[in-house]
Amino acid sequence: MSDQLTSFIETNQPLIEKTLHSLITDIKAPQPLKDAMLYSLQAGGKRIRPLYTLAVLKELDIQNEDAIIVASTIEMIHTYSLIHDDLPAMDNDDLRRGKPTNHIVFGEALAILAGDALVTIAFGIIARLPNISPELKVDLIDKLSFSAGSEGMVGGQVLDMLGEGQTLTLEQLEEIHVNKTGALLSYSILAGAIIANVSSEIMSALEKYAFHIGLAFQIQDDILDVEGTSEQLGKTAGKDLISEKNTYPSILTMEGAKKELQNQYNQAFQALENIQMQDGLLVEFANYITKRSK
Ligand code: IPE
Ligand code: IPE
Ligand code: MG
Ligand code: MG
Ligand code: MG
């Protein structure tokens, strides 16, 4: 990782941790529900999504006090998606972020409800922000709902589940990945652009960048499931093969998957060509996404 990206993460990650903690401790909820939400939120994710929102704003040289809260709500929704993804009825995993999964510790019912609460609360938090205009907040909420819901993450999870044990085409797999993972990750990039109220020209360049980064992120997740260890990943390695998931390595071979990852990186890189940025943070992020080892 470059020095610039390392220092950006070292500066912003503690702020995200603090914001997530206070967003949950400040709400009114039965204590076991709060405990279950905080358990998964504070289990130590990489925080790539909220960091991306803040990175885009930094690149555009825009400051907004509420940006860190918007960024943190995306992490809340992402964490809900992980709690539900790990449930016995879904991927049936017992390790996440290096700890026993939420349902192992709190039981399935509370895990489901903790996920429900995280996703529901997130929208209200955005609605109440004082430093973003009502028009931009509606846009943020609208696009978040689209990215997380049936046209995005949830829809992708359904296709992923239905595809288990089936022979899919590369096109079908791309649709799954773009939706189950790409949509919310892309949103985290575009949320920064929405808060910055960018021109349509910059928005469309960032949309292109975000699309390819979102897909690249899940291709690398598939690769790491094969090449990583459970200790390194903080989740059970080798699960995709056991669950007969369609993945980039399973359809294209490992070599083909890595080629496709590079192809997505190149397209993301090209999308940035026409935008004036502060420094190279978005290129460095793209590098990190495609080379990360966890
Ligand atoms: C894992 O996401 C699930 C996917 C969408 C591939 P991350 O790799 O961002 O997981 P955390 O947040 O760091 O735990
Ligand atoms: C899940 O993809 C994407 C989500 C919406 C959570 P995976 O099922 O591959 O994610 P991991 O590998 O369990 O983190
Ligand atoms: Mg899954
Ligand atoms: Mg999973
Ligand atoms: Mg995976």
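Both counts, for ligands and for their atoms, begin at 1 and track the order of listing. In what follows, every heavy atom counts, from backbone to side chain, and hydrogens, waters and symmetry copies are set aside.
Note on ring orientation: taking the six-membered ring where Trp is involved, the planes of Phe285 and Tyr52 are parallel (angle under 30°, cut-offs 30° and 60°). A perpendicular orientation is assigned to the rings of Tyr80 and His84, their planes being inclined by more than 60° (bins at 30° and 60°).
Near His78, meaning under 4.0 Å from any of its heavy atoms, are these atoms of ligand 1: 2 (O), 7 (P), 9 (O), 10 (O), 11 (P), 12 (O). Near Leu82, meaning under 4.0 Å from any of its heavy atoms, are these atoms of ligand 1: 1 (C), 3 (C). Close contacts between ligand 1 and Arg97 involve ligand atoms 11 (P), 12 (O), 14 (O) [criterion: under 4.0 Å to a heavy atom].
Closest to atom 5 (C) of ligand 1 among all protein heavy atoms lies Thr181 OG1, 3.4 Å. Considering only non-hydrogen protein atoms, atom 6 (C) of ligand 1 sits nearest to Gln218 OE1, 3.0 Å. Protein heavy atom closest to atom 7 (P) of ligand 1, with residue, atom name and distance, is Lys46 NZ, 3.5 Å. Distance from atom 9 (O) of ligand 1 to its nearest protein heavy atom, with residue and atom name: Arg49 NH1, 2.8 Å.
For the pair Ile9/Met1, a side-chain contact is recorded, criterion being any heavy-atom separation below 4.5 Å from C-beta on.
Arg292 places a side-chain N or O within 3.5 Å of a backbone atom of Lys294 that can act as its donor or acceptor partner.
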Under the salt bridge (charged side-chain N to carboxylate O under 4.0 Å, His left out) criterion, do Asp93 and Lys239 qualify, and how do the steps go? CA-CA 9 Å; Asp93 271 304; Lys239 270 303 291 285; 3.0 Å; yes
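Contact analysis leaves Arg47 out of contact with ligand 1, as no non-hydrogen atom separation drops below 4.0 angstrom. Residue-ligand proximity: Ile48 is placed with every non-hydrogen atom at 4.0 Å or more from ligand 1. Residue contacts with ligand 1 do not include Thr79, since none of its heavy atoms lies under 4.0 Å from the ligand.
The proximity of Lys294 to ligand 1, defined as any non-hydrogen pair under 4.0 Å, does not occur for either the backbone or the side chain.
The side-chain contact (heavy atoms from CB on, under 4.5 Å) test with Lys235 is passed by exactly one of Leu82, Asp225, Asp221: Asp221. A salt bridge (Lys or Arg N to Asp or Glu O under 4.0 Å) with Asp91 holds for exactly one of Lys245, Lys180, Arg96; it is Lys245.
From Leu20, atom CG reaches atom CG of Leu41 across 5.5 Å, with rounding to the nearest 0.5 Å.
The Mg ion (ligand 4) is the vertex of the angle joining OD2 of Asp85 and OD2 of Asp91, which measures 90° to the nearest 10°.
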